[in-house]
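Some notes on the structure that comes next.
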There are 2 protein chains.
Amino acid sequence: MIVKGKKRGRPSGKSSELSAQVILDKAKSLMRNEKKVPSIRSLASSLNVDAMAIYHYFNNKDALLESITTSLIESIYQPQVNDDWKKALTELCTSYLILLDSYPGLLNTLLSMEGTGPAQVFVERFNILIKALNLSKEAQDNALNLLVDYLHGFALALNCQGDELLLHVDQLTGPLNFYCAALERN
Amino acid sequence: MIVKGKKRGRPSGKSSELSAQVILDKAKSLMRNEKKVPSIRSLASSLNVDAMAIYHYFNNKDALLESITTSLIESIYQPQVNDDWKKALTELCTSYLILLDSYPGLLNTLLSMEGTGPAQVFVERFNILIKALNLSKEAQDNALNLLVDYLHGFALALNCQGDELLLHVDQLTGPLNFYCAALERN
DNA sequence: TACAATTATTCTACACCGTAGAATAATTGT
DNA sequence: ACAATTATTCTACGGTGTAGAATAATTGTA
């Protein structure tokens, strides 16, 4: 397993090209494929680099995970101006859940960062599509909190039971319809 | 820090009394006080015992955590026959949240065990009090899933942001009222 | 009573983990 | 020319769960 013994010191030329971006990309692909957050050592060795090289680009592991989280969260559904609110909500929730399911570890980082962090991305997109319903401020806040925590709880269940075939993103439908009905009748 | 160097082998007499129960009790109190799951070593040393002694009573750390979870979950509110459903629901949810907030690590163990495990305790107690509403089976299932995952998401947020004064169990009230209104109008 | 089996414990050690700090070598600035 | 900066590897520390062996007290049996 251990092999190389590469030359020490700064490598020559512009070759090989280690960078924050290739580290982030490799870390994301390992998270997707191994279904867990890689250790710094395994991340480094899959980049053919010493573990400590990672720390030249990131202060610590949390900073790396936060960087991944910030970049990935942008990919959730962006409601369009002409969207039907219910369709937009379904798309938003589905894309959010699929993201949190695809990258185990994302959820914990997301929640540890909170406070105008990347968790706000979902909140902002929810607030856009919910305008169509003209809820009171309180009702809107309550609806938002119920939904985000529900989705986090669902994502956590998906993470913990590692796809034991009992649990799928599909099972969002029932509770989400129940939730939408509640919104409509408010 | 390292001190004793106790005598090896089985200790004499019925004294000192290490047992599964004293291990469980100490582990629970460490979880409450340190606000995290103790390492086996720190648990052992706070019992003045070698780390490996723990493994005489539990196959591995997960088994210990599962045992803790199974015993603690019984302490959530038990709905009474004459309860008003809304009051009972509030008590049930509040006690569940307080439990998950008081013992960080419980939530993950709970979800990893699922499948007629201790997570069923909440489900059963919910099903008792919800009878008062005569919902259809689908509506009841959707309502249950929405609620449990919501509570898990809330508890996770509480765990992750370690009481940064932004988040408290009180904030259950708004979303829970919104949820109750949805149930009533169903 | 002798001694074998069982039980409860400690000790040692392994393979992981994140990461601090120093050594090293290439590039860049003066 | 040579000093400073930058990018990298190596070594090492203190932590984790836990396997395996050594040890000693108790219990069961002849």
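Here is the naming used below: chain letters follow the sequence lines, and residue numbers restart at 1 for every chain. Hydrogens, waters and symmetry mates are skipped; everything else that's a heavy atom, side chains included, is used.
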key: Other residues, nucleotides, ligands: >12 heavy atoms within 6.0 Å of A:Lys36 NZ   = no

task = State whether the side chain of A:Asn33 and the backbone N or O of A:Ser29 hold a donor-acceptor pair below 3.5 Å, judged by distance alone.
result = yes

ask   = Is there a chain of hydrophobic side chains (I, L, V, M, F, W, Y, each step under 4.5 Å between heavy atoms) that links B:Met113 to B:Leu151?
value = no

task = Provide, to the nearest angstrom, the distance between the CD1 atom belonging to A:Ile40 and the P atom belonging to C:dA15.
result = 22 Å

request  = Can you sort out the partners of B:Asn127 under side-chain hydrogen bond (donor to acceptor under 3.5 Å, both in side chains), two or more places apart, ordered by chain and number?
outcome  = B:Gln140

remark   = For DNA chain C, the expected dot-bracket line (Watson-Crick or G-U under 3.5 Å, [ ] crossing, | inter-strand) is ||||||||||||||||||||||||||||||

Pairs: protein N or O with nucleotides 2-4 of chain C N or O, under 3.5 Å:
none

inquiry  = Run the side-chain hydrogen bond (donor to acceptor under 3.5 Å, both in side chains) test against B:Lys86 and tell me which residues pass, sequence neighbours left out.
reply    = B:Glu184

request  = Report yes or no: is there a donor-acceptor pair, N or O only, under 3.5 Å between the side chain of B:Arg41 and the base of D:dG15?
outcome  = no

ask   = What residue pairs, at least two apart or across chains, pass salt bridge (charged side-chain N to carboxylate O under 4.0 Å, His left out) with a residue in residues 57-69 of chain B?
value = none

request  = Could you list all the ring pair (Phe, Tyr, Trp, His ring centres under 6.0 Å) pairs where at least one residue sits in residues 77-134 of chain A, not counting sequence neighbours?
outcome  = A:Tyr96-A:Phe122, A:Tyr96-A:His152

query = To the nearest Å, how far apart are A:Leu64 CG and C:dC17 P?
reply = 14 Å

inquiry  = Using the side-chain heavy atoms of A:Lys6, tell me which of these nucleotides is nearest: D:dT16, D:dT9, C:dG18.
reply    = D:dT9

query = Quick one: salt bridge (charged side-chain N to carboxylate O under 4.0 Å, His left out) pairs with a partner in residues 124-137 of chain A, sequence neighbours left out?
reply = A:Glu74-A:Arg125, A:Lys137-A:Asp141

task = Strictly below 4.0 Å, heavy-atom distances to any atom of DNA chain C: list the hits from residues 49-59 of chain A, or just say none.
result = A:Met52, A:Tyr55

query = Roughly, in whole Å, what's the span from CG in A:Asp62 to C1' in C:dG18?
reply = 10 Å

request  = Scan residues 32-64 of chain B for pairs that pass ring pair (Phe, Tyr, Trp, His ring centres under 6.0 Å), counting only residues two or more places apart or in two chains.
outcome  = none

ask   = Do side-chain atoms of B:Glu34 reach the backbone of B:Arg32 as a donor and acceptor pair under 3.5 angstrom?
value = no

query = How would you list, by chain and number, every residue that makes a side-chain hydrogen bond (donor to acceptor under 3.5 Å, both in side chains) with B:Glu91, sequence neighbours excluded?
reply = none

query = What is the distance from CG of B:Leu43 to P of D:dG15, rounded to the nearest Å?
reply = 17 Å

query = Between C:dT9 atom C1' and B:Ile23 atom CD1, what is the distance in whole Å?
reply = 12 Å

message = Do B:Val148 and A:Val169 land in one hydrophobic cluster if side-chain heavy atoms of ILVMFWY residues count as linked below 4.5 Å?
response = yes

inquiry  = By the salt bridge (charged side-chain N to carboxylate O under 4.0 Å, His left out) test, which pairs, at least two apart or in different chains, include something from residues 169-180 of chain A?
reply    = none

key: Atom-to-atom span, CG of A:Leu18 to C1' of D:dT9 - whole angstrom   = 13 Å

Review item, nucleotides 22-25 of chain D N/O atoms under 3.5 Å of protein N/O:
{"from": "D:dA22", "atom 1": "O4'", "to": "B:Arg8", "atom 2": "NH2", "distance (Å)": "3.4"}
{"from": "D:dA22", "atom 1": "N3", "to": "B:Arg8", "atom 2": "NH2", "distance (Å)": "3.3"}
{"from": "D:dT23", "atom 1": "O2", "to": "B:Gly9", "atom 2": "N", "distance (Å)": "3.4"}
{"from": "D:dA24", "atom 1": "O4'", "to": "B:Arg8", "atom 2": "O", "distance (Å)": "3.4"}
{"from": "D:dA24", "atom 1": "N3", "to": "B:Arg10", "atom 2": "N", "distance (Å)": "3.3"}
{"from": "D:dA25", "atom 1": "OP1", "to": "B:Lys7", "atom 2": "NZ", "distance (Å)": "2.8"}
{"from": "D:dA25", "atom 1": "O4'", "to": "B:Arg10", "atom 2": "O", "distance (Å)": "3.0"}

